[in-house]
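Below: the structure, in structure tokens.
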Amino acid sequence: MLTDLGMILMVALLFWAGGLWTGGDWQALAVGAAQILPLAVRRRAPGIVLAAVTVATVAHLMLGLTRNIGYVPVLVALYTAPSSPQRTVRWELPGAASLAVALAMIPAKGPVDGALLAVVACGVAWTMGVEHRRHVADRTRLVEHERARAEAQRRERTARHLHDTLAQTTAVMLVQAEALRTANDLSERDRQRVDAILSAGRDAFTEVRRTLRGLADASDAASDTDLPAVLDRLRTAGLRLPADPVAALAGLDGQARELSERVLAEVATNALRHAGPGTLLELDVLVRDDVVHIEAANDLADPAPGAPAGGFGLVSLAGQLRDHGGHLDHGPRGHRWVVTATVSRRG
């Protein structure tokens, strides 16, 4: 705004110093003001400003004030026109404005000093505007490239940090589980549970590597959930599932099946983690034409106030379902923890 106001003052000063506003000619003063004042909004409406300034300039020239400085406001408007997103404002309107000014200059200055000079001046102003627009576009692309590179570097640092942390933690867990597996005083049931821990740890380690590798590559690292394998491990670890949800999803495919399996895997894992072995998880899966309804419920290990709220996994799933036209609710109902989800089958 300050730049535009300063430019308007300089053009007005040029008009006054050039004698266009001397002699008390109020008609010339009014037409000159009509040339200059619209330039204050040239960035917001370049097409309208160019048209208005051109009309006022032609009127000014037809009054006999045919000095070359009389079409300086048109040059400023022509410089701004290429910034418009409309093709007509960028190309056709500048040509029409240049032609109108050139024709208005012929009676007083002739075809060379009047018309040709006006066309050249208008062409130079418009070309400078085109170059400025190209420069701004190049600079914008450069900024976006730098931002994307910084984001890629951040993802790479995050991937390395998570890989190192999770690799060390998982390695310790596996080593301790292997040591426990060699103990002689374990029952067969305990050995099965240790084997489940080892299998889950190795699978998690592999999945972490693959997911973080996808994160470092800035690609979608999400992979299909192997729901039967997840549920088998959870059953071995002590989760009780009276119904098999995998059969209910047999007719699904694509993103609806992937999201449904992720919901089921998450709620089953949470039930075992928070309520412990022996927990009974009741699952109700209803597949309809447009949506999949999922309801999961289990008894809370501690029904006292302050029962655990949903963690990052459920919050993340709720956001993903919401983005695809579904929803997810979770929370305690009396002495039970209930999760309800709706997965859209559209899109």
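Because the structure is predicted, anything quoted here is derived from the model rather than measured.
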Open item on the list: Tell me every residue that passes salt bridge (charged side-chain N to carboxylate O under 4.0 Å, His left out) with R257, counting only those two or more places apart in sequence or in another chain.
Closed with: E261

Open item on the list: Could you check whether atom CD1 of I48 has more than 12 heavy atoms from other residues, nucleotides or ligands sitting under 6.0 Å from it?
Closed with: no

Task: side chain to side chain donor-acceptor pair (under 3.5 Å) between R345 and Q255, worked out - done: CA-CA 8 Å; R345 299 185 65 182; Q255 192 154 30; over 6 Å; no

Task: Residues forming a side-chain contact (heavy atoms from CB on, under 4.5 Å) with A121, sequence neighbours excluded - done: Y71, L75

Task: Within one Ile-Leu-Val-Met-Phe-Trp-Tyr cluster: M7 and L50, side-chain cutoff 4.5 Å - done: yes

Open item on the list: Please enumerate all residues that pass side-chain contact (heavy atoms from CB on, under 4.5 Å) together with A34, with sequence neighbours excluded.
Closed with: A56

TODO: Report whether V58 and V31 are members of the same hydrophobic cluster (ILVMFWY, side-chain heavy atoms less than 4.5 Å apart, transitive linking).
DONE: no

Task: Heavy-atom closest contact (D299 atom, A275 atom, distance) - done: O-CB, 3.8 Å

TODO: Can you sort out the partners of R134 under side-chain contact (heavy atoms from CB on, under 4.5 Å), two or more places apart, ordered by chain and number?
DONE: V130, E131, D138

Open item on the list: Quick check: closest heavy atoms across G32 and F15, and the distance to 0.1 Å?
Closed with: CA-CE2, 4.2 Å

Task: Side-chain touch L321/T342, heavy atoms, less than 4.5 angstrom - done: no

Task: N/O donor-acceptor pair under 3.5 Å between R42 side chain and V49 backbone - done: no

- [ ] Spell out, yes or no, whether L241 and L272 are grouped together once hydrophobic residues are joined by side-chain heavy atoms under 4.5 Å, including indirect joins.
- [x] yes

Open item on the list: Taking side-chain contact (heavy atoms from CB on, under 4.5 Å) as the criterion, tell me which of L314, V267, N270 meets it with H330.
Closed with: L314

- [ ] For W337 and A296, indicate whether the former's side chain and the latter's backbone hold a donor-acceptor pair under 3.5 Å.
- [x] no

Task: ILVMFWY network linking I69 to L61, side-chain heavy atoms under 4.5 angstrom - done: yes

Task: Pairwise side-chain contact, L39 with V53, heavy-atom cut-off 4.5 Å (strictly under) - done: yes

Task: Inter- and intrachain pairs under salt bridge (Lys or Arg N to Asp or Glu O under 4.0 Å), touching residues 278-294, at least two apart - done: E282-R336, D290-R346

Open item on the list: Quick check: do L252 and V343 have side-chain heavy atoms less than 4.5 Å from each other?
Closed with: no

Task: Heavy-atom closest contact (V119 atom, S98 atom, distance) - done: CG2-O, 4.5 Å

Task: Heavy-atom check, side chain of P111 versus side chain of L116, under 4.5 Å - done: no

TODO: Check whether any side-chain heavy atom of Q153 sits under 4.5 Å from a side-chain heavy atom of R149, and report yes or no.
DONE: yes

Task: Identified side-chain contact (heavy atoms from CB on, under 4.5 Å) partner of L239 from the options L280, N298, L231, T279 - done: T279

Open item on the list: Keeping S84 on the side-chain end and A81 on the backbone end, is there a donor-acceptor pair under 3.5 Å?
Closed with: no

Task: Heavy-atom check, side chain of H293 versus side chain of V287, under 4.5 Å - done: no

Task: Nearest heavy-atom neighbours spanning L300 and G334 - done: CD1-O, 4.3 Å

Task: R154/E151 ion pair, N-O < 4.0 Å - done: yes

TODO: Check whether any side-chain heavy atom of D329 lies under 4.5 Å from a side-chain heavy atom of V339, and answer yes or no.
DONE: no

Task: V246-L281 co-clustered via ILVMFWY side chain contacts under 4.5 Å - done: yes

Task: Interatomic distance, L249 atom CG to L227 atom CG [nearest 0.5 angstrom] - done: 7.0 Å

- [ ] Decide yes or no for H327 and R322: does some side-chain heavy atom of the first lie under 4.5 Å from some side-chain heavy atom of the second?
- [x] no

Open item on the list: Among residues at least two apart in sequence or on other chains, which ones pass salt bridge (charged side-chain N to carboxylate O under 4.0 Å, His left out) with R273?
Closed with: none

Task: Under 3.5 Å side-chain donor-acceptor pair for T340 and E295 - done: no

Open item on the list: Let me confirm one number: the OG1-CZ distance from T269 to R233, rounded to the nearest 0.5 Å.
Closed with: 8.5 Å

